[in-house]
Amino acid sequence: LVPAHPECNTTCIKHFSSSLLLLFPFSLEEDDMYKVLPEDGSERLGEELQRHWDHEVQKAAKDLRPPKLTKVLIKCYWKPYAVLGIFTLIEEVIKVIQPVFLGKLIQYFEKYDPDNMDALYEAFGYAAGVCLSTLILAITHHLYFFHVQRSGMKMRVAMCHMIYKKALCLSSAAMGKTTTGQIVNLLSNDVNKFDEVTIFLHFLWVGPLQAAAVLGLLWVEIGPSCLAGMAVLVILMPTQTMFGRLFSKFRSKTAALTDNRIRTMNEVVSGIRIIKMYAWEKPFSALVNDVRRKEISKIMSSSYLRGLNMASFFAASKIIVFITFTVYVLLGNTISASRVFVAVSLYSAVRLTVTLFFPSAIEKLSETRISVRRIKTFLLLDEIVKSKHGFLQEEKQEPNVEIQDLICYWDTVNVQPLPFRLLNTATVSPVPPSNFPQSSLLSAILGELPHDKGVLKVKGQLTYASQQPWVFPGTIRSNILFGKALHPQKYEKVLRACALKRLLPDGDLTVIGDRGATLSGGQKARVNLARAVYQDADIYLLDDPLSAVDAEVGRHLFEQCICGILKNKPRILVTHQLQYLQAANQILVLKEGHMVARGTYSELQRSGVDFTSLLKREEEGPQAPGVETESRSPCSRTLSQNSVVSHTSSIRSVKDGTEQLPTVVEESRSEGTIGVGLYVKYLKAGANILVHILMFCVQAAYILQDWWLAYWAGEQEKLNVNGTVTIQNGVNVTEQLNLDFYLGIYAGLTGATLIFGFARSLVMFNVLVKAAQSLHNRMFNSILRTPVRFFDINPIGRVLNRFSKDIGQLDAALPWTFVDFIQIFLQIIGVVAVAASVIPWILIPLAPLIIIFLFLRRYFLQTSRDVKRLESTTRSPVFSHLSSSLQGLWTIRAFRAEERFQNTFDAYQDLHSESWFLFLVTSRWFAVRLDGMCAVFVTITAFGCLLLRDQVEAGSVGLALSYAVTLMGMFQWGVRQSAEVENMMTSVERVVEYTELESEAPWETQKRPPPEWPSQGLITFDRVSFSYSSDGPVVLKDMKAMFRPKEKVGIVGRTGAGKSSLVSALFRLAEPEGRIYIDGVLTSEIGLHDLRQKMSIIPQDPVLFTGTMRKNLDPFSQHTDEDLWNALQEVQLKSVVEELPNKMETVLAESGSNFSVGQRQLVCLARAVLRKNRILIIDEATANVDPRTDELIQKTIRDKFRECTVLTIAHRLNTIIDSDRILVLDAGQIHAYDEPYTLLQNPDGIFFKMVQQTGRQEAVALLQSAKQAYNSRSRPSTTNGGVGVDGNLVIFETAL
């Protein structure tokens, strides 16, 4: 049960005390938080701001000017915010009146007359005035802060809602202008500026007013000399404003570099498998370190600015008082305690406002303007034009798609004129080669690709299965229902048709992790298809759903689903699988954007287009399906279920219960206090002991300066009272103080304070930023060296969160807070020391106050740390949801599920607001109590002085009281900063946690293989067992096999038989048990890089990285240009790359999205060609390409890798039917291992069955190919499998 919100039924003061209930002695969970207030709800706030913004956009269009986001924000929020200005005014007025009371009180001591009772009563009145004003200050200050921070929160929430809403309707062109990283950055950093700017904005007008009032009072008190002090203040202001300007300049430069670093990190984490298999950690590490170095140099400069700013703030009051009194004395006035301390108090009252709040307001305002500009640019990106498909109620006509002379452009890709009309119940199969993004046709129908000319009419509701299957975090059921209601019979039918029935032990309630990390490519494709089928639409667009699955499942899907459940609906199926074409009512052949032919199967066969040559080849060697995988995210039309699922439920095996899937683990939230050890680790990363000594010198100089003034005033007092007259040479001379001596020492102390103060600030910042740098490097290196399993069980968002949010804290917020805390802590000690030296008995009431304080702090910290931790864990889902939505944008839009996804986003935002609200309330609750304690301290000091009026001097009273009053805001600020530091240390803790991840085997070991190893490419598995983690299930069981040099081996088996695990074992992505030899070298004894660099892999998902084409092919720059061009030529990409604007140096879009999947696959092939290794592993690489590209890849492999040992994990049997041998895996064990033709002689074997499942015609062709290959081979008499290991070696050495 979620508790109702306390503010619904409390007044403000009561509100603070009611929040006391919040401070639980046990640790807080999400259920303990209050429901968010209706007026703070994300949807309500967002829609309100959106209305204003839409209105402004329309108006701006009319007036032909760019729309102004700032104007919209002001219009939407100015009224409630303006009211809060009253609080600020009251507070600042009291700050000015208080020193006046103080002065009158000190005057009583200067003119002290024990018999004058009237004066005493008056003094009591003044003392009461001092105490009351402290109390009122305590209350108004926190009321103000609570409300302004809340209004900041409202602005932030509304902004996030708008940004997400915009992201859901970006057009494809706009997506090219922005990146996921940038949108996440808008949501994580830029909107936070609203939280900061609202706090200070009011001081822009209160500041100058207050300064004027203070000037007036000072004039009355000490005459014109006050102008000197004010002059210093006035000079300080512009310098600080200048710092602010410079600071925001650095900030925007840093922001760009941070974007860059996070984007690189995103790619590294997403492509970590590939990076590890290619052994590319070093160039990536160099890349990140390079960006990071630039970022740190900017951060260092802005930190030094901050240091100077803080030091000047720290020293300001000292300089002001020093100059004021130097001028005052030199003008011939005598100095008195009441004058000194009234001036000191007045200056310190105005100083905060003028030197801290006012410049902060300017600085935050300029930062916010940059952020608002960035957000506005994003909000003005092009949106997709919503097309209206579907019928009006009354017309019940046939659904259809009509296209005539259609011409569309991406940026350059164009679909040439295309005429065709799709009527009811037709299956159209466009057959494209892979260098034409055939998906473009579907994109055009979906409305994702704007059409330039021609007619495109769609009647009826569309649904879409994307080529790169997209799943979002949640259960499989929520992925399939996608917001539709559950109809059990229909649902069962869909599951059966999509071959999802025997999928997972938890059935459809299995939890899918981030990006579907826990499902195989084929499973994702089936879930993706099931989602499309479950929607009751009129027209189905299926983008190559059959390629990621093996032949058996492919046939099942085609017969049961595409031609089964959907048989009465129009379907457009893009496919490379030519064996299914006979079932099509109409076939379009597309080539490079042109339609080459169309008609039925028999018409096309007769017409003899180039397509038939494809078909002819098909009949000789039929094809098994293949698929593309890129996470594109789907969602549904209704708003029912928001399945927000806890990531704890585990995910077990696939299909036959063999391959185990990693579960997504809960994000660790360390509990309890932050240990001293952590501070040591943090500071040790950057500092030594000298720094700490420096700090105490500063504080000593700081206090001595004030004490000297009091002492001087006291000496002067004695002279005035006693009026000592000495007789010199017979002339009476009134004794005077030696001005040079007093002023000299005063000046010396002031100088020391300044020098030490500046030195301390700069040194501290330097130390802390260095610490951030070394921690980042250590974390990054540790991430690169941790085994792949870590990335399977931790979602990308979680790892990126450490690199963006937590490192951001270490870079910017933590050093500043840390330095601030240390300065204030030393100042508080100083205040107490001074008060105690003047009135020693003040220590008596101090003891209980300290005890209460320590209790409060412990109580508060416990809760505040929990609240802070909750706040950062409730923030993660907001980002995960955003990035998963961006990946599945097309699917979400095709299913018209934007509204549902928006609602989920709002729900996540509200959850985050709940924890943020708790954070605001708890911190204010605490601050009110602390300031209350300070008020008590001031009261005791004030009345104490009056009670002991016979024993104290005016100077001491002034010193003690003026110090006690400054304690007011400072004490609670210091304690809150200490809490802040401790809270921010959780970021350090999270980073340190990632610096200590378990690491995989070393990259290089003492035992280096010979440089030309492996010269033959003989691979021997000797009793190898493999599992992905120590406690995980065994995926390969006691496997013995041998792959001979130059042999081409196909590896087949059903989903989950352990095909990919075999590769993982070979690459040691986790350490296998048993022994694997390559050319007689035991792989577990050599370094990982030595091993991985000697094997090439063409991965299942082709991964390209942002950077130039050259970097993608050859990150180590080991090859000449000529080599690179030759490699591209061999994979037929040379022409494509030559067309790019800068050829090889062209920078690719994020994750290479400006290449089609087939082209990306060819880039991966080119990488393998370049590496010239003796061993090549192909992991279902041909799954997502059309027959022609497939043939090209096969041909390249046969030619270029003739001298290599090639292992191919295949789904399409025709790619491996002519292999030398085929290894059939079943449940992690070898079922059979022999030549294809031999295997086909055994009708009970798995391989025989797999061939039969491809269909009769194909099975015959496969058998034919196998037989041909069998007969053309000359066979040495070797035994089979992994038996006589040495024997085989000997035979081969003689054979060679």
- Message: Working note: S999 + F790, criterion side-chain contact (heavy atoms from CB on, under 4.5 Å); need CA distance, chi angles, decisive distance, verdict.
- Response: CA-CA 10 Å; S999 67; F790 172 81; over 6 Å; no
- Message: Distance check, rounded to the nearest 0.5 Å: I1217 atom CD1 versus I1222 atom CD1?
- Response: 5.0 Å
- Y994 and V799 have their tightest heavy-atom pair at CE2-CA, 4.2 Å
- Message: I'd like to check F1043 versus R1221 (side-chain heavy atoms, cut-off strictly below 4.5 Å). Are they in contact?
- Response: no
- Task: Using the test side chain to side chain donor-acceptor pair (under 3.5 Å), find all partners of R1174 that sit at least two apart in sequence or belong to another chain.
- Result: none
- Shortest non-hydrogen contact from I1078 toward W1013: O-NE1, 2.9 Å
- Item | Exam field: side chain S1064 to backbone L1069, donor-acceptor pair closer than 3.5 Å | no
- Task: Taking the side chain as every heavy atom from C-beta outward, state whether Y1237 and N1271 have any atom pair closer than 4.5 Å.
- Result: no
- Message: So, taking the atom named OG1 in T786 and the one named CD in E1000, what distance separates them when rounded to the nearest 0.5 Å?
- Response: 7.5 Å
- Query: Can you check whether F803's main-chain N or O pairs, donor with acceptor, with R261's side chain at less than 3.5 Å?
  - Reply: yes
- Query: What's the verdict on salt bridge (Lys or Arg N to Asp or Glu O under 4.0 Å) for E1004 and K282, showing C-alpha distance, side-chain angles and the deciding distance?
  - Reply: CA-CA 12 Å; E1004 275 97 18; K282 285 180 182 160; 3.5 Å; yes
- Message: I'd like to know if the side chain of K1059 and the backbone of G1053 have a donor-acceptor N/O pair within less than 3.5 Å.
- Response: yes
- Task: Taking D1220 for its side chain and K1048 for its backbone only, find out whether a donor-acceptor pair lies under 3.5 Å.
- Result: yes
- Task: Apply side-chain contact (heavy atoms from CB on, under 4.5 Å) to the pair L1176 and T1205, showing each step before the final yes or no.
- Result: CA-CA 6 Å; L1176 172 68; T1205 309; over 6 Å; no
- Message: To the nearest 0.5 Å, what is the distance between CG on L1225 and CD1 on I1230?
- Response: 6.5 Å
- Message: Under a 4.0 Å threshold between the charged nitrogen and the carboxylate oxygen, would E1073 count as salt-bridged to R1068?
- Response: no
- Item | Side chains of L1207 and I1051 in contact at under 4.5 Å (non-hydrogen atoms) | yes
- Item | side-chain contact (heavy atoms from CB on, under 4.5 Å) assessment of F1067 paired with K276 | CA-CA 9 Å; F1067 276 95; K276 282 188 179 301; over 6 Å; no
- Message: One thing to verify: whether R1023 and D1038 come together as a salt bridge, which I'm taking to mean a side-chain N less than 4.0 angstrom from a carboxylate O.
- Response: yes
- Query: Is any side-chain heavy atom of P787 closer than 4.5 Å to a side-chain heavy atom of E998?
  - Reply: yes
- Task: Would you mind reporting whether E1071 and F1026 have side-chain heavy atoms less than 4.5 Å apart?
- Result: no
- Note on the structure: Taken to the nearest 0.5 Å, the spacing of T1083 OG1 from Y1077 OH works out to 9.5 Å
- Task: Output, in order, the C-alpha distance, side-chain angles, deciding distance and verdict of side-chain contact (heavy atoms from CB on, under 4.5 Å) for Y1028 and S1061.
- Result: CA-CA 8 Å; Y1028 284 99; S1061 307; 3.3 Å; yes
- Query: Which residue pairs satisfy the salt bridge (Lys or Arg N to Asp or Glu O under 4.0 Å) criterion with at least one member in residues 1115-1125, sequence neighbours excluded?
  - Reply: R1110-D1121
- Looking only at heavy atoms, which two atoms of L1239 and A1232 are closest? And how far apart? CD2-CB, 3.6 Å
- Query: Heavy-atom distance under 4.5 Å between the side chains of N1112 and R1167, does that happen here?
  - Reply: yes
- Message: If you compare all heavy atoms of S1015 against all heavy atoms of D1079, which two are closest, and at what distance to 0.1 Å?
- Response: N-OD2, 2.9 Å
- So does D1090 pair up with R1008, basic N to acidic O under 4.0 Å? yes
- Atom OG in S270, atom CE in M265: separation rounded to 0.5 Å? 9.5 Å
- Item | Any residue meeting ring-ring contact (aromatic ring centres under 6.0 Å, His included) with F1201, in chain and number order, not counting sequence neighbours | none
- Item | R1171 (side chain) donor-acceptor with Y278 (main chain) under 3.5 angstrom | yes
- R263 and N260: side chain donor to acceptor below 3.5 Å: yes
- Message: Using modelled atom types and a 3.5 Å cut-off, is there a donor and acceptor pairing between side-chain atoms of N781 and backbone atoms of N777?
- Response: yes
- Over all atoms of both residues, closest heavy-atom pair of V1163 and L1104: CG1-CD2, 3.5 Å
- Message: Tell me whether K1037 contacts the main-chain N or O of A1227 through its side chain, where contact means a donor paired with an acceptor under 3.5 Å.
- Response: yes
- So do the side chains of I1175 and K1094 get within less than 4.5 Å of each other, counting heavy atoms only? no
- D1022 (side chain) donor-acceptor with I1076 (main chain) under 3.5 angstrom: no
- Message: Working to the nearest 0.5 angstrom, can you tell me the gap between I1177 CD1 and S1060 OG?
- Response: 11.5 Å
- Message: Do H1231 and F1247 make a side-chain contact, defined as non-hydrogen atoms from C-beta onward lying under 4.5 Å apart?
- Response: no
- Polar side-chain atom of E1047 near backbone of R1044 as donor-acceptor pair, under 3.5 Å: yes
- Between E281 and L784 the two heavy atoms that sit nearest each other are O-CD1, 3.7 Å
